[in-house]
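Worksheet: one structure, shown below.
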Amino acid sequence: MYRALIAGVGHFVPERIVSNFELEKMMETSDEWIRERTGIIERRWINEEDNNADLAQRASLKAIEQAGLEVEDIDFIILATLSTDYFFPGTGCFLQEKLGLPGIGALDIRNQCSGFVYGLSIADQYIKTGMYKNILLVGSEVQSRGLDFTTRGRDVAVIFGDGAGAAVISRSKDNKKGVLATCLHADGRHAKELWQELPGSARKPMMSHAIIDEPGIYPYMNGRYVFKHAVTKFPEVIMEVLQTAGVDKSEIDLVIPHQANMRITEAVRMKLELSEEKVYSNIQKYGNTTAASIPIAISEAIEEGRIKEGSLVCLAAFGSGFTWASALIRF
Ligand code: ACO
């Protein structure tokens, strides 16, 4: 059996920085409210000319370069996003076209904030069984084109940002490094507490002029309900993956949680009794970038020297579905 190694990681965030003060001009909100409740100071918004697949491509090229590979070495693509460029086909196909890799498999997964960790678990299985050698795994989001930037949508609109992160997951025979364990969960009973209802085929007919005026075309979040579940499920799934891998909490060098909200991250850190240096946060700069948040954070943590050769890193995510997931990786 092979081991799945993170051979390279890269990220790309759009140049346009949108501060909380800029949002104050669009809706009734304040820098103070946003910072206090979420920890977010600014986020990035995509340029007019780009789409989701463009962000994904730029992050991917960096990851492939860091892995010391050529684009042609990639033999499978997994792309996690909730903000696809088109209703269908998936953004993975558009990324594949942009990378010039016709013929290789491209799989889109829709697991929202847990998408990258779900994708890592899928890649891990394909690598272990020998099906693929170098899988490109991407989390990429364009949230800024789908939010309600009036006061009506302020609880959600201030949280999300755009960006992409990518990793090359490669085959290795080194038993000490790579993905040690992954844990995946979902509970559809809570699906409507964090969701976007429209457009969807549950509506008959799916499309009409009238739906444009419905609140269901924007994401809905029951903030307190999400908070309550997130602060329980994050620690649970972190402890589960440690137990699965037979590793003690004290051995972890860095926890990278999905960047949902600074208050959630802080509550999880305190519950697990981890020091501040052991939990990574960059939500201040980017907001919540859903499936992209974990790979962007891994990429920055490597750049900052917080992940080194041999580091034991725990990834954890919670989000819409509800879905939650974790992974333990030796770099
Ligand atoms: N600016 C100013 N005021 C606002 C804003 C805003 N952007 N949004 C909501 N408010 C108002 C509300 O309307 C409410 O006003 P009212 O008292 O007059 O009714 C007041 O602020 C307080 O609202 P609450 O919902 O009670 O505020 P709360 O303290 O719960 O904070 C928040 C809201 C930040 C959403 C919180 O519930 C939370 O952190 N939830 C976790 C959800 C989350 O972070 N999700 C991330 C995305 S999902 C994921 O990645 C897992």
Side-chain angles (χ1 to χ4, degrees), residues 18-43 80-83 110-118 139 141 143-144 146-163 165 185-188 190-196 215 218-238 256-271 280-284 286-297 315-326:
V18 178
S19 69
N20 294 340
F21 297 107
E22 208 173 325
L23 296 182
E24 282 181 7
K25 295 180 197 137
M26 304 175 195
M27 62 185 87
E28 278 174 41
T29 191
S30 68
D31 174 58
E32 193 191 354
W33 193 99
I34 300 170
R35 276 189 205 227
E36 230 171 61
R37 303 292 215 292
T38 70
I40 299 164
I41 297 170
E42 58 194 31
R43 73 285 294 141
T81 188
L82 68 71
S83 47
R110 301 188 56 191
N111 289 80
Q112 299 71 243
C113 304
S114 307
F116 187 82
V117 184
Y118 263 73
E141 299 287 3
Q143 304 279 13
S144 63
L147 301 172
D148 178 1
F149 291 107
T150 69
T151 299
R152 186 179 67 172
R154 64 184 176 175
D155 59 330
V156 173
V158 300
I159 291 178
F160 294 97
D162 303 339
H185 296 282
D187 189 343
H190 311 291
K192 295 183 179 177
E193 304 300 340
L194 179 56
W195 75 324
Q196 184 177 317
Y218 294 113
Y220 164 80
M221 176 180 75
N222 181 345
R224 288 185 175 206
Y225 193 88
V226 171
F227 190 93
K228 210 178 82 193
H229 283 75
V231 297
T232 311
K233 293 302 177 194
F234 266 112
E236 251 178 48
V237 82
I238 289 171
I256 299 190
H258 159 54
Q259 305 290 298
N261 176 319
M262 184 66 110
R263 286 202 314 184
I264 293 177
T265 298
E266 207 36 33
V268 172
R269 185 184 74 72
M270 308 237 299
K271 220 165 180 172
Y280 195 83
S281 262
N282 61 6
I283 193 165
Q284 309 86 327
Y286 305 132
N288 179 334
T289 56
T290 318
S293 92
I294 289 180
I296 293 174
L315 312 179
F318 176 88
S320 169
F322 289 154
T323 58
W324 60 105
S326 56

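Order of appearance sets the numbers: ligands from 1, and atoms from 1 within every ligand. Residue indices begin at 1 and follow the sequence shown.
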Report yes if some heavy atom in the side chain of V156 is under 4.5 Å from a heavy atom in the side chain of Y218; otherwise report no.
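Contact flag for V156/Y218 side chains = no.
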Distance under 4.0 Å, heavy atoms only, partner ligand 1: which residues pass?
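E28, T29, W33, R37, C113, R154, D155, V158, F160, L194, M221, G223, R224, V226, F227, H258, A260, N261, R263, I264, N288, F318, G319.
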Among residues at least two apart in sequence or on other chains, which ones pass side-chain contact (heavy atoms from CB on, under 4.5 Å) with A191?
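Partners of A191 under the side-chain contact (heavy atoms from CB on, under 4.5 Å) test: none.
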Who are the side-chain contact (heavy atoms from CB on, under 4.5 Å) partners of K271, not counting sequence neighbours?
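By the side-chain contact (heavy atoms from CB on, under 4.5 Å) rule, K271 matches T232, P235.
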Looking at K233 and E236, is any side-chain nitrogen of the basic one under 4.0 Å from a carboxylate oxygen of the acidic one?
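Answer for the salt bridge query: yes.
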Around atom CZ of R110, are there more than 12 heavy atoms from other residues, nucleotides or ligands closer than 6.0 Å?
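Not buried by this count: 12 neighbours or fewer within 6.0 Å.
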How would you list, by chain and number, every residue that makes a ring pair (Phe, Tyr, Trp, His ring centres under 6.0 Å) with F21, sequence neighbours excluded?
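Here no residue qualifies.
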